[in-house]
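Everything below concerns the one structure shown next.
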There are 2 protein chains.
Amino acid sequence: MASRGVRRPTIAEIAERTGVSAGAVSYALNGRPGVSEETRSRILQVAREIGWMPSAAARALRGGGTSTVGLVITREPAVLGIEPFFMAFVAGIEQVISEEGYALLLQVTADPARVLQTYREWWSANRVDGIFLTDLERSDARLGLLKELELPAVVVGDPAFAEGLCAVGSDDAGAARAAVAKLADLGHRRIAHLAGPDRFVHTRVRSEAIGAAARELGIEVVCEIHTDYSLDSGARACDRMLDAQPRATAIICDNDLTAVGAVRAARSRDLQVPRDLSVLAWDDSPLCQLAEPPLSALSRDVSAYGVAAARALLDLVKGGDAVGLTPSTATLVDRGSLAQVPAGN
Amino acid sequence: MASRGVRRPTIAEIAERTGVSAGAVSYALNGRPGVSEETRSRILQVAREIGWMPSAAARALRGGGTSTVGLVITREPAVLGIEPFFMAFVAGIEQVISEEGYALLLQVTADPARVLQTYREWWSANRVDGIFLTDLERSDARLGLLKELELPAVVVGDPAFAEGLCAVGSDDAGAARAAVAKLADLGHRRIAHLAGPDRFVHTRVRSEAIGAAARELGIEVVCEIHTDYSLDSGARACDRMLDAQPRATAIICDNDLTAVGAVRAARSRDLQVPRDLSVLAWDDSPLCQLAEPPLSALSRDVSAYGVAAARALLDLVKGGDAVGLTPSTATLVDRGSLAQVPAGN
DNA sequence: CTGTTAGCGCGTTCAC
DNA sequence: GTGAACGCGCTAACAG
């Protein structure tokens with residue numbers, strides 16, 4: 001550690017300047033009884049003057065919490081640059097926690113095993129008061145660890161799979177129903193689903209909701225392929241889909257990158273979007289507007305999602321019993337990549 | 001703060017289990033002389049078993065550093081989702097610091113005044129050992145504050161404007177020269193520059209380098225317009241550029257979003273890229289590959305940039321005298337948005 | 001050489 | 001309103 005010539009102001013310094021004890025200063029600073037209003041205001045005055053802030057270390061040591069919450073993002077660093085979800089999510093989190101003097105401790109690692117280790121480290125080093133858990137998987141090992149450590153946590157995902165932990169979920173099933181209904185309205189009878197990785201809970205939720213909605217409306221999901229959310233895997237999946245018989249006339253893609261890939265695959269066969277194939281993306285990002293053609297998408301406010309998760313976690317951390325909640329359902333934004341089913345289908 | 005039933009393992013617990021004093025345990029854990037090899041290994045063994053980690057709070061309180069470095073991102077939360085720079089940069093930082101047991105404290109705020117306040121808060125609360133400073137501006141107020149607080153910092157930007165602080169810069173001037181040379185090679189005699197915001201140091205650096213290179217090669221920069229890096233401002237700027245006489249036949253855009261905007265503006269006048277207008281983007285991101293047409297770009301490894309900055313900061317924080325350095329110059333990746341100058345120009 | 005004891009850093013809180 | 005103890009890891013001074 002570099003030596004630092006400038007001394008940080010401490011309570012002792014305020015005590016000395018105001019001629020009272022350190023204890024009194026603490027009471028005054030925390031708005032507790034035990035000091036006269038007069039000395040209190042003198043103390044506050046001096047504190048402001050010298051720019052005093054409580055030492056995070058001392059507070060944490062005392063057991064007063066670290067004013068820090070943690071998020072581990074399990075992604076290949078290279079992928080992060082293009083994945084719009086996390087930055088928007090983090091921005092939403094920041095909006096809430098910075099107001100309350102909390103900070104976000106971030107870790108990016110591609111290794112899932114490392115996450116458990118990080119949780120343990122953060123816990124035993126007392127670095128965070130609470131944790132955001134994203135990319136919920138079925139029978140997720142992280143849940144057990146968080147419960148074992150009794151580390152306050154907010155799960156970002158379906159409450160049904162959160163094993164009792166507070167969860168902030170999105171209504172993916174509702175969005176899926178809306179999407180299928182829209183496609184059915186346009187006359188499509190055979191649709192495909194380019195899903196995300198199978199291990200994620202929300203992948204399963206979406207698949208089932210799409211399937212159920214399709215049955216209800218008397219149309220068919222002729223093809224479901226799992227991707228890894230990358231553009232390439234989307235293109236490959238769409239290619240396979242186009243080979244299959246009977247061929248779908250519309251596809252729902254679990255994220256925007258795979259949707260762009262799908263458009264590319266269609267084009268390389270001289271199929272036009274949306275004339276020959278309707279494409280609907282999930283998780284509307286700026287990418288959907290930039291794509292050629294602009295992509296219709298199930299749009300949700302990811303940043304608001306972060307806001308909701310942060311509110312819940314802070315509540316939990318402060319001893320409240322935050323209730324899980326589900327922010328608004330995604331809405332279908334039509335940008336023109338959906339069309340009536342081609343004649344003869 | 002929520003009560004936590006599970007007790008964090010402490011040095012005292014290890015001392016009790018091994019039957020030695022807490023002091024001895026500390027010596028053993030830190031690899032210092034004063035304990036026999038035998039007891040040392042017993043202590044290490046027990047420490048591993050119960051999963052001991054030093055309390056970050058206690059260490060920080062003792063003056064041993066916080067094992068945390070900070071980054072304040074000054075952006076509108078909404079913009080962050082599409083700006084690929086920061087996520088890639090953060091990923092690079094993480095790669096280095098997580099290896100060394102450091103964590104990244106992040107703050108996202110749109111308010112530039114707030115940054116100074118955050119630096120002060122982080123300093124007086126002793127929350128970070130060092131800071132990354134991005135988006136360097138000319139006569140940047142943050143530099144003075146960091147020096148006043150003697151807070152170790154690495155400036156991400158041109159060393160010439162870092163006022164003595166350690167800087168990790170990119171060789172924008174070199175990249176600019178390469179870009180202009182390429183355009184001159186293709187026969188362009190009049191080029192335009194869609195620059196970034198004027199207040200940023202690197203904007204000025206690029207403008208001057210482009211101007212100098214153009215003079216040297218006997219071609220002309222007929223138009224330079226500042227944008228705010230958004231797609232819309234890029235489109236508007238390109239529109240203005242296309243109105244001007246004499247009209248440029250190629251444009252260099254300071255980021256990828258404005259380049260996409262420029263392509264759009266050109267298209268809305270029925271100009272084709274690259275036949276009628278060559279477009280070159282800076283800061284290659286996946287967007288350049290996704291655009292229609294794919295955009296040629298000055299590509300640099302942003303993640304490696306983060307790696308270099310993190311290495312420098314950790315060195316500094318640990319008392320080393322990190323030297324500023326400049327990672328490799330961006331290379332021009334041609335994806336087909338550049339072409340020979342149209343006939344008659 | 002091996003180990004122990006005591007006190008520090010800083011804010012909080014309890015007994016007086 | 002005061003003094004002292006506490007939380008946890010580190011280290012200087014000291015004892016066997």
Side-chain angles (χ1 to χ4, degrees), chain A residues 1 3-4 6-44 46-47 50-67 101 121 123-127 129, chain B residues 1 3-4 6-44 46-47 50-67 101 121 123-127 129:
Chain A
M1 202 201 118
S3 75
R4 228 163 279 158
V6 200
R7 248 190 23 261
R8 229 175 300 280
T10 70
I11 262 191
E13 195 175 333
I14 301 175
E16 195 180 357
R17 292 205 190 203
T18 52
V20 293
S21 70
V25 174
S26 177
Y27 287 133
L29 257 15
N30 293 309
R32 305 174 67 97
V35 282
S36 70
E37 273 316 311
E38 199 197 317
T39 43
R40 182 192 301 279
S41 68
R42 238 183 40 236
I43 288 169
L44 292 178
V46 172
I50 66 176
W52 178 85
M53 293 273 309
S55 152
R59 282 232 165 121
L61 186 60
R62 198 68 187 61
T66 62
S67 291
E121 284 175 12
W123 173 75
S124 53
N126 195 14
R127 297 200 71 149
D129 295 342
Chain B
M1 193 198 127
S3 76
R4 229 163 280 155
V6 200
R7 247 191 23 262
R8 229 175 299 281
T10 71
I11 264 192
E13 194 176 334
I14 302 175
E16 195 181 356
R17 292 207 191 203
T18 52
V20 293
S21 70
V25 174
S26 178
Y27 286 131
L29 257 16
N30 293 307
R32 304 174 68 97
V35 282
S36 69
E37 276 315 312
E38 199 196 316
T39 43
R40 181 190 303 276
S41 68
R42 237 181 42 235
I43 288 169
L44 292 177
V46 172
I50 66 175
W52 178 85
M53 292 275 307
S55 152
R59 280 230 166 127
L61 187 59
R62 196 71 185 56
T66 62
S67 291
E121 284 174 11
W123 172 76
S124 52
N126 196 14
R127 297 200 71 147
D129 295 343

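A:Arg8 places a side-chain N or O within donor-acceptor distance of the main-chain N or O of B:Trp123, the cut-off being under 3.5 Å. In terms of modelled atom types and a separation under 3.5 Å, the side chain of B:Asn126 and the main chain of A:Ser55 share no donor-acceptor contact.
Contact annotation: A:Arg32 reaches the phosphate of C:dT13 (side-chain N/O to OP1 or OP2, under 4.0 Å). A sub-4.0 Å separation between OP1 or OP2 of D:dT2 and a side-chain N or O of A:Ser21 is present. When the side-chain nitrogen and oxygen atoms of A:Ser36 are compared with OP1 and OP2 of D:dG1, one or more of them lie within a distance under 4.0 Å. Between C:dT2 and B:Thr39, no contact under 4.0 Å exists linking OP1 or OP2 to a side-chain N or O. An OP1 or OP2 oxygen of D:dG9 is reached within less than 4.0 angstrom by a side-chain nitrogen or oxygen of B:Trp52. Checking the phosphate oxygens (OP1, OP2) of D:dC10, a side-chain nitrogen or oxygen of B:Asn30 falls inside 4.0 Å. The side chain of A:Ser26 places an N or O atom within less than 4.0 Å of a non-bridging phosphate oxygen (OP1 or OP2) of C:dT12.
Contact annotation: side chain of A:Tyr27 to base of C:dC14, donor-acceptor pair present below 3.5 Å. Contact annotation: side chain of A:Arg62 to base of D:dC6, donor-acceptor pair present below 3.5 Å.
For the pair B:Asn126 CG and C:dC10 C1', the computed distance is 11 Å after rounding to whole Å. Taking atom CG on B:Leu29 and atom P on D:dT11, their separation rounds to 12 Å, with Å as the unit. Whole-Å rounding puts the A:Met53 CE to C:dT12 C1' distance at 17 Å. What separates CD1 of A:Ile14 from P of C:dG11 is a distance of 8 Å, to the nearest Å. In this structure, A:Ile43 places its CD1 atom 10 Å from C1' of D:dG1, rounding to the nearest Å. The nearest whole Å value for the distance from the CZ atom in B:Arg59 to the C1' atom in D:dT11 is 13 Å. Atom CD of A:Glu16 and atom C1' of C:dG11 are 17 Å apart (whole Å). Put simply, CD1 on B:Ile11 is 15 Å from P on C:dT5, counting in whole angstrom units.
Within the 4.5 Å cutoff, no side-chain heavy atoms of B:Arg59 are placed close to those of B:Thr66. Looking at A:Ser67 and B:Arg127, their side chains come closer than 4.5 Å, going by heavy atoms from C-beta outward.
Classification of A:Arg7 and A:Glu13 as a salt-bridged pair holds, one side-chain N sitting under 4.0 Å from a carboxylate O.
When heavy atoms are screened at a 4.0 angstrom cut-off, A:Val25 is found touching no nucleic acid atom at all. At a threshold of 4.0 angstrom between heavy atoms, the contacts of A:Leu61 include nucleobase atoms, whether or not backbone atoms are also involved.
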